[in-house]
Colleague: 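Sharing a structure, written as C-alpha cells. Questions coming.
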Amino acid sequence: METQIPVIDLQEPQKLRQVCSKWGCFRLINHGVDTKLMAEMKSAIKELFDRPIEIKQRNKEVVAGSGYMAPSEKNPLYEAFGLFDVSSSLSLSSFCSHLQVSPHTREIIERYGQAISKLATEIASKLAASMGLTDYSFEGWPLQFRINKYTFTRETLGTSGVQIHTDSGFLTILQDDENLGGLEVMDPSGIFTAVDPLPDTFLVNLGDIAVPWSNGELRNVQHRVQCKDIGMRLSIATFLSPSLEQTIEAHPSFIEPGHPPMYVPFTYEQLRGIRAAEKLHAGEALERVRFSK
C-alpha cells in the first residue's frame, strides 16, 4: 500500500482525478503562488497572536467557526483566527480593522488572499475538467480563511492538537508549518499517515461537499494534528465552499442508470447544521443525507 502523500504538479494535473478519488488529498507543487509572499504571510500572521485578548475577540463569527477561537478544554493547544470570505474586499477590510493590523500587514494579507483565491478556483476547475466538466464554474464560491496556532510543550507530547475531523467544504488549501510537523491524514487503507513539512508547497484536501457533488467518486479525508515535538506550529487554511443556501446534489454527468444519486439534495447550511447539532465532524454527517440503500 502506498503510504506517501501523492504529489501533484498543478501544471501537469493528469493524475488529479485518480488521486482525489483514492486519497482525497495531495501535496501541490508548481502552484504559481510567490514563495516570498508565502513567507511574508507567515510572519504577518504570527504577529496577530501577540495581540491582547480583547483585540483578538473582535474577530467575530459570520458563520460558526469563522471567528476567533481561544484555547478550550477540548482543544487546549489550539488557537485560531477566522475570516469568512478572503475573496471579499469588505470582509477582508473588516478583519484587518478589527485586529488593528498595520497598513503593511494589511497589504500582505490582501495580496495573499488574492493569490490563494485564484489558486483555489484553478485547482477546483482543473479537478472538474479532469472529470469531464470543462465548463463548470466555482466563481463566487466563498473562501473561508483560518489562521491556526498550536502551542506544543514537553507536557503535551503525544496528545492531540486537533481532534479527528473532515472539512465541511469542497476543498481546502493548507500552507503548513515549514518546521514543525504533526498533521496526519487517513490513507486509503484507513491508517493515519504523517504529512511531513515541505517548504514552498501546499497541501490540498477534499471536504464533505466533494463527495455528494461527485456522486460518491471523490473522497473526503479525515485528518488530525498530533503533538510530536515542542514548539509553536503555525498554519494557514483556505476553504473553498458553496454559499450556505446553495443546493448540493450530484452533477448530472455523474449519474448513470447503474449509478443513481447517492445523496438527497441538501443545502450547505443544512449539512453544517447536522455536523454541529449532532457533533458529527468526521464525515459521518453525510450518512444523514444519503438515500437509503
Colleague: Spell out, yes or no, whether L28 and F239 are grouped together once hydrophobic residues are joined by side-chain heavy atoms under 4.5 Å, including indirect joins.
Modeller: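 Each belongs to a different hydrophobic cluster.
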Colleague: May I ask you to check if R51 and F49 form a cation-pi contact, with NZ or CZ under 6.0 angstrom from the six-membered ring centre and within 45° of the axis?
Modeller: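 Relative to the ring axis of F49, which defines the angle, R51 lies outside at least one limit.
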Colleague: Answer yes or no: is there a donor N or O on one side and an acceptor on the other, between the side chain of S214 and the main chain of L218, under 3.5 Å?
Modeller: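 Checking the backbone N and O of L218 against the side chain of S214, a donor-acceptor pair under 3.5 Å is found.
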Colleague: Please determine if R58 forms a cation-pi arrangement with Y68, meaning its NZ or CZ atom is less than 6.0 Å from the six-membered ring centre and no more than 45° off the ring axis.
Modeller: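 No; the conditions do not both hold, so R58 does not lie above the ring face of Y68.
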Colleague: Give a yes or no on whether the backbone of R111 and the side-chain of Q114 come within a donor-acceptor separation of less than 3.5 Å.
Modeller: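 No.
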Colleague: Would E79 and Y150 satisfy side-chain hydrogen bond (donor to acceptor under 3.5 Å, both in side chains), going step by step from the backbone distance to the final call?
Modeller: CA-CA 7 Å; E79 184 180 13; Y150 305 85; over 6 Å; no
Colleague: Grab the two heavy atoms, one from V19 and one from C25, that are nearest each other, plus how far apart they are.
Modeller: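 Result for this residue pair: CG1-O, 3.5 Å.
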Colleague: Whether E269 and R272 form a salt bridge (side-chain N of Lys/Arg under 4.0 Å from carboxylate O of Asp/Glu) is what I want to check.
Modeller: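 Looking at R272 and E269, the cut-off is not met.
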Colleague: Quick check: closest heavy atoms across L143 and A120, and the distance to 0.1 Å?
Modeller: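 Shortest heavy-atom contact: CD2-CB, 3.6 Å.
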Colleague: Just by distance, no angles: are the side chains of S94 and S91 close enough, under 3.5 Å, to form a donor-acceptor pair?
Modeller: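 No pair is found: no donor N or O on one side chain lies under 3.5 Å from an acceptor on the other.
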Colleague: For H104 and S102, indicate whether the former's side chain and the latter's backbone hold a donor-acceptor pair under 3.5 Å.
Modeller: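 No, because the side chain of H104 does not come within donor-acceptor range (under 3.5 Å) of the backbone of S102.
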Colleague: Give, for atom CD of Q222 and atom CZ of F192, the distance between the pair rounded to the nearest 0.5 Å.
Modeller: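 The CZ atom of F192 is 5.5 Å from CD of Q222, to the nearest 0.5 Å.
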Colleague: Between S97 and R106, is there a side-chain donor-acceptor contact under 3.5 Å, judged purely by atom types and distance?
Modeller: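 On atom types as modelled, these side chains qualify, holding a pair under 3.5 Å.
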Colleague: Between L174 and F202, does a side-chain contact (heavy atoms from CB on, under 4.5 Å) hold up when you go through it step by step?
Modeller: CA-CA 6 Å; L174 181 73; F202 291 103; over 6 Å; no
Colleague: With a 4.5 Å limit on heavy-atom distance, are the side chains of H98 and N59 in contact?
Modeller: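 No, side chains not in contact.
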Colleague: Parallel under 30°, tilted from 30 to 60°, perpendicular over 60°: which one fits the rings of F95 and F81?
Modeller: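 Geometry flag for F81 against F95: perpendicular rings.
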Colleague: Using 0.5 Å steps for rounding, measure from the CD1 atom of I108 to the OG atom of S43.
Modeller: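 So the CD1 of I108 and the OG of S43 are separated by 7.5 Å.
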Colleague: May I have the step-by-step check of side-chain contact (heavy atoms from CB on, under 4.5 Å) for F170 and L127, ending in yes or no?
Modeller: CA-CA 11 Å; F170 184 80; L127 174 57; 4.2 Å; yes
Colleague: Will you find, in the side chains of S253 and H251, an N or O donor that is under 3.5 Å from an N or O acceptor?
Modeller: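 Side-chain D/A pair, S253 to H251: present.
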Colleague: Linking I/L/V/M/F/W/Y whenever their side-chain heavy atoms sit closer than 4.5 Å, directly or via other members, would I55 and I147 fall into one cluster?
Modeller: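 Looking at the clustering, I147 is in the same group as I55.
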Colleague: Main chain of D176, side chain of S235: is a donor-acceptor contact present, judged purely on distance under 3.5 Å?
Modeller: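 No.
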Colleague: Could you give the distance from CD (E178) to CG (D200), rounded to the nearest 0.5 Å?
Modeller: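 Atom-to-atom, E178:CD and D200:CG are 7.5 Å apart.
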Colleague: With a 4.5 Å cut-off on side-chain heavy atoms, are P212 and V289 touching?
Modeller: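 Of all side-chain heavy-atom pairs linking P212 with V289, none is under 4.5 Å.
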Colleague: Going by the angle between their ring planes, with limits at 30° and 60°, are W141 and F138 parallel, tilted or perpendicular?
Modeller: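 Perpendicular.
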Colleague: Please check if M38 and M232 belong to a single hydrophobic cluster, counting links between Ile, Leu, Val, Met, Phe, Trp and Tyr side chain heavy atoms closer than 4.5 Å.
Modeller: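 Yes: a chain of side-chain contacts under 4.5 Å links M38 to M232.
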Colleague: For the side chain of E249 and the backbone of V264, is there at least one donor-acceptor N/O pair under 3.5 Å apart?
Modeller: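 A pair under 3.5 Å: no.
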Colleague: Is there a side-chain contact between Y78 and K149, using heavy atoms and a 4.5 Å cut-off?
Modeller: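 Not in contact.
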Colleague: Looking just at side-chain N and O atoms, do S168 and D208 make a donor-acceptor pair shorter than 3.5 Å?
Modeller: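 There is no such pair (donor and acceptor under 3.5 Å, judged by atom type) between the side chains of S168 and D208.
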Colleague: Taking the side chain as C-beta and beyond, is there a heavy-atom pair between K46 and L234 under 4.5 Å?
Modeller: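 They are in contact (side-chain heavy atoms under 4.5 Å apart), so the answer is yes.
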Colleague: Under 4.5 Å between any side-chain heavy atoms of F152 and D229, yes or no?
Modeller: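 Of all side-chain heavy-atom pairs linking D229 with F152, none is under 4.5 Å.
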Colleague: Would you give the length of the straight line joining atom CG of L286 to atom CG of L271, rounded to the nearest 0.5 angstrom?
Modeller: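 Reported value, rounded in 0.5 Å steps: 6.0 Å.
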Colleague: Where the side chain of K126 meets the backbone of L10, is there a donor-acceptor pair that is under 3.5 Å apart?
Modeller: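 Yes, K126 side chain to L10 backbone: donor-acceptor pair under 3.5 Å.
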Colleague: What distance do H165 atom NE2 and N220 atom CG have between them, rounded to the nearest 0.5 Å?
Modeller: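 The CG atom of N220 is 11.5 Å from NE2 of H165, to the nearest 0.5 Å.
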Colleague: I'd like to know if the side chain of R219 reaches the main chain of W23, judged simply by a donor and an acceptor atom lying under 3.5 Å from each other, with no hydrogens or angles considered.
Modeller: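 Between the backbone of W23 and the side chain of R219 there is a qualifying donor-acceptor contact (under 3.5 Å).
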Colleague: Donor-acceptor check, side chain of S93 to backbone of S89, threshold 3.5 angstrom: yes or no?
Modeller: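 Answer holds: no.
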Colleague: Does one side chain, of W213 or Y136, offer a donor that lies under 3.5 Å from an acceptor on the other?
Modeller: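 Result is yes, a qualifying pair exists.
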Colleague: Looking at every non-hydrogen atom in both residues, tell me the closest pair between Q11 and P13 and how far apart they are.
Modeller: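 Answer, listing the atom of Q11 first, then P13: C-CD, 3.5 Å.
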Colleague: Between V86 and S117, is there a side-chain heavy-atom distance shorter than 4.5 Å?
Modeller: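 Sidechains of V86 and S117: in contact.
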Colleague: If I compare all heavy atoms of R27 with all of D196, which pair ends up nearest, and what's the gap?
Modeller: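 For R27 and D196, the tightest heavy-atom pair comes out as NH2-O, 2.8 Å.
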Colleague: Would you say that more than 12 heavy atoms from the other residues, nucleotides or ligands in this model lie under 6.0 Å from the CD1 of I53, or not?
Modeller: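 For I53, atom CD1 is crowded (more than 12 foreign heavy atoms under 6.0 Å).
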Colleague: Can you confirm whether I123 sits close enough to I173 that some side-chain heavy atom of one is under 4.5 Å from a side-chain heavy atom of the other?
Modeller: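 In contact.
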Colleague: Identify the heavy atoms of E139 and T121 that sit nearest to each other, and give their distance.
Modeller: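 In terms of heavy atoms, the two residues are closest at OE2-CG2, 3.5 Å.
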Colleague: Is there a side-chain contact between V185 and I5 (heavy atoms, below 4.5 Å)?
Modeller: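 V185 vs I5: side chains touch.
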Colleague: Please report the interatomic distance CG(L157) to CD1(I230), rounded to the nearest 0.5 Å.
Modeller: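 So the gap between those two atoms works out to 5.0 Å.
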Colleague: Is L244 reachable from F266 through a run of hydrophobic residues whose side-chain heavy atoms are each under 4.5 Å from the next?
Modeller: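 The answer is yes; both residues are in one hydrophobic cluster.
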Colleague: Please tell me whether E245 and Y268 have a donor and an acceptor in their side chains that are separated by less than 3.5 angstrom.
Modeller: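 Judged by distance alone, the side chains do not pair up.
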Colleague: In terms of hydrophobic clustering (I, L, V, M, F, W, Y; side-chain heavy atoms under 4.5 Å; direct or indirect links), are L37 and L48 co-clustered?
Modeller: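 Linked within one cluster.
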Colleague: Does a donor on one side chain sit under 3.5 Å from an acceptor on the other, for E217 and S21?
Modeller: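 The criterion, which ignores hydrogens and geometry beyond distance, is satisfied for S21 and E217.
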Colleague: Would K15 and I8 count as a side-chain contact (heavy atoms from CB on, under 4.5 Å) here? Give the steps.
Modeller: CA-CA 7 Å; K15 296 182 180 180; I8 294 287; 4.1 Å; yes
Colleague: So, does N215 use its side chain to make a donor-acceptor pair with the main chain of M262 at under 3.5 Å?
Modeller: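 A pair under 3.5 Å: yes.
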Colleague: Going through the checks in order, is the side-chain contact (heavy atoms from CB on, under 4.5 Å) test met by Q246 and T267?
Modeller: CA-CA 5 Å; Q246 183 170 334; T267 66; over 6 Å; no
Colleague: Is it true that K228 and E184 have a side-chain N and a carboxylate O under 4.0 angstrom from each other?
Modeller: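 Yes.
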Colleague: Can you tell me if D167 uses its side chain to pair, donor with acceptor, with the backbone of G169 under 3.5 Å?
Modeller: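 Looks like no, no N/O pair under 3.5 Å.
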Colleague: Could you tell me whether R275 and E284 make a salt bridge, using a distance below 4.0 angstrom between a side-chain N and a carboxylate O?
Modeller: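 Answer for the salt bridge query: no.
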Colleague: How far apart are the closest heavy atoms of T201 and H31, and which atoms are they?
Modeller: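 The answer is CA-NE2, 4.0 Å.
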